[in-house]
Amino acid sequence: MAELRCVVAVDGPSGSGKSTVSRRLAQRLDARYLDTGAMYRAATWAVLQAGVDLADADGIAKVVIDLELLITTDPAHPSISANGENVDAPIRGPEVTAAVSAVSAVPFVRQVLVARQRALIEESARIVVEGRDIGNVVAPDADLKVFLTASSAERARRRSSENATDHAATEADLARRDHLDSTRKVDPLQQAADAVVLDSTELGIDEVVSELHRLLTTRKAA
């Protein structure tokens, strides 16, 4: 598989296992890995640092157009910096999490970051890209498109275990973000028409990775 050029697009809601699965699949394929959500989170962090009101689309756009963003695509060591500062930890905090849907909904933000994401994909011979608009917008010609999902209760369990947060509060926050991201006017979270839907509720990470590898191998051999 390592000798073949390929792009794998993994979409789905928060807590579905996209990040862990995508990183492990990338390692198995000897491919690069791109977490597009981290880019939106880094942009959100920069907006919050600048003190821009989340309702000020023009102010948000100005911050993002001037943002120096550097993201690594090594699946073993993914990392991101904004304006020269490593933001791996702060972009996962509650403040950024609460604001990222609002910043991501600004059309100009999506235009700028999608262009950067496509450039990173173009530079990579093999890459697994995960996010919420990959199959439909960022990489519509991907070799394999996957919509990874899980029950709301299981997604909340995973996320609350990961972040040591209250299960009920986490489930409510995931529902809030899912609603905002699936109803935004530009590039909403939705399954691509030609995506394979995989429910990971009852599956382990290794099982999901193996199934995606099987699907990709089958596609490339056809």
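Because the structure is predicted, anything quoted here is derived from the model rather than measured.
- The shortest heavy-atom contact between Ser151 and Thr201 is N-OG1, 2.8 Å.
- For Asn83, there are no side chain to side chain donor-acceptor pair (under 3.5 Å) partners two or more places apart in sequence or in a different chain.
- Atoms CZ and CE, from Arg110 and Met39 in turn, are 11.0 Å apart once rounded to the nearest 0.5 Å.
- Remark: the Thr72 side chain and the Asp74 side chain contain no N/O donor-acceptor pair separated by less than 3.5 Å.
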Give the C-alpha distance, both sets of side-chain angles, the deciding distance and a yes or no for side chain to side chain contact (heavy atoms under 4.5 Å, CB included) between Leu198 and Leu203. CA-CA 10 Å; Leu198 185 57; Leu203 299 176; 4.1 Å; yes

Yes or no on side chain to side chain contact (heavy atoms under 4.5 Å, CB included) for Thr36 and Val129, after CA distance, side-chain angles and deciding distance? CA-CA 7 Å; Thr36 64; Val129 189; 3.7 Å; yes

Run Val137 and Arg118 through side chain to side chain contact (heavy atoms under 4.5 Å, CB included) and show every step you take. CA-CA 10 Å; Val137 178; Arg118 287 174 174 165; 4.1 Å; yes

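- Looking only at distances, no side-chain donor or acceptor of Lys145 sits under 3.5 Å from a matching main-chain atom of Asp194.
- Residue Val103 comes nearest to Leu54 through the heavy atom pair CG2-CD2, 3.9 Å, listed as atom of the first residue, atom of the second, then distance.
- Looking at Leu216 and His213, their side chains never come closer than 4.5 Å, going by heavy atoms from C-beta outward.
- Each of Leu70 and Val112 belongs to its own hydrophobic cluster when Ile, Leu, Val, Met, Phe, Trp and Tyr are linked at side-chain heavy-atom distances under 4.5 angstrom.
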Assess the residue pair Gln49 and Val63 against the criterion (side chain to side chain contact (heavy atoms under 4.5 Å, CB included)); give the C-alpha distance rounded to whole Å, side-chain angles, the decisive distance to 0.1 Å, and a yes or no. CA-CA 10 Å; Gln49 289 292 110; Val63 171; over 6 Å; no

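- In this structure, OG in Ser81 is found 9.5 Å from CD1 in Ile71, a value given to the nearest 0.5 Å.
- With respect to the salt-bridge test (charged N to carboxylate O, under 4.0 angstrom), the residues Asp66 and Lys62 qualify.
- Contact between Pro13 and Arg155 at its shortest, heavy atoms only, is CB-NH1, 3.4 Å.
- Taking the side chain as every heavy atom from C-beta outward, Ile134 and Val10 never approach each other to under 4.5 Å.
- Residues that satisfy the salt bridge (Lys or Arg N to Asp or Glu O under 4.0 Å) test with Arg24, not counting sequence neighbours, are Asp206.
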Check the pair Arg41, Thr97 against side chain to side chain donor-acceptor pair (under 3.5 Å), reporting the backbone distance first and the verdict last. CA-CA 8 Å; Arg41 284 177 171 272; Thr97 297; 3.0 Å; yes

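- Between Asp88 and Ile80, some side-chain heavy-atom pair lies under the 4.5 Å cut-off.
- Ile60 CD1 to Ile65 CD1: the interatomic distance, rounded to the nearest 0.5 Å, is 14.0 Å.
- Of all the heavy atoms in Val96 and Ile91, the pair that sits closest is CG1-O, 3.3 Å.
- The backbone N or O of Leu148 sits nowhere less than 3.5 Å from a side-chain atom of Asp11 that would complete a donor-acceptor pair.
- The two atoms that bring Phe147 and Ala195 nearest to each other are N-CB, 4.2 Å, heavy atoms only.
- One side chain, Tyr33 or Glu130, offers a donor N or O that lies under 3.5 Å from an acceptor on the other.
- Taking every heavy atom of both residues into account, Val87 and Ala42 meet most closely at CG2-CB, 4.2 Å.
- A distance of 8.0 Å separates CG of Leu212 from OG of Ser22, quoted to the nearest 0.5 Å.
- A donor-acceptor pair is defined here as one N or O able to donate and one able to accept, closer than 3.5 Å; no such pair exists between the side chain of Thr73 and the backbone of Arg32.
- Note that the SG atom of Cys6 and the CG atom of Leu29 stand 5.5 Å from one another [nearest 0.5 Å].
- Partners of Glu211 according to the salt bridge (Lys or Arg N to Asp or Glu O under 4.0 Å) rule, which considers only residues two or more places apart in sequence or in another chain, are Arg214.
- Between atom CG of residue Asp35 and atom CD of residue Gln117 there is a gap of 9.5 Å, rounded to the nearest 0.5 Å.
- Atom CD of Glu207 has more than 12 heavy atoms from other residues, nucleotides or ligands within 6.0 Å.
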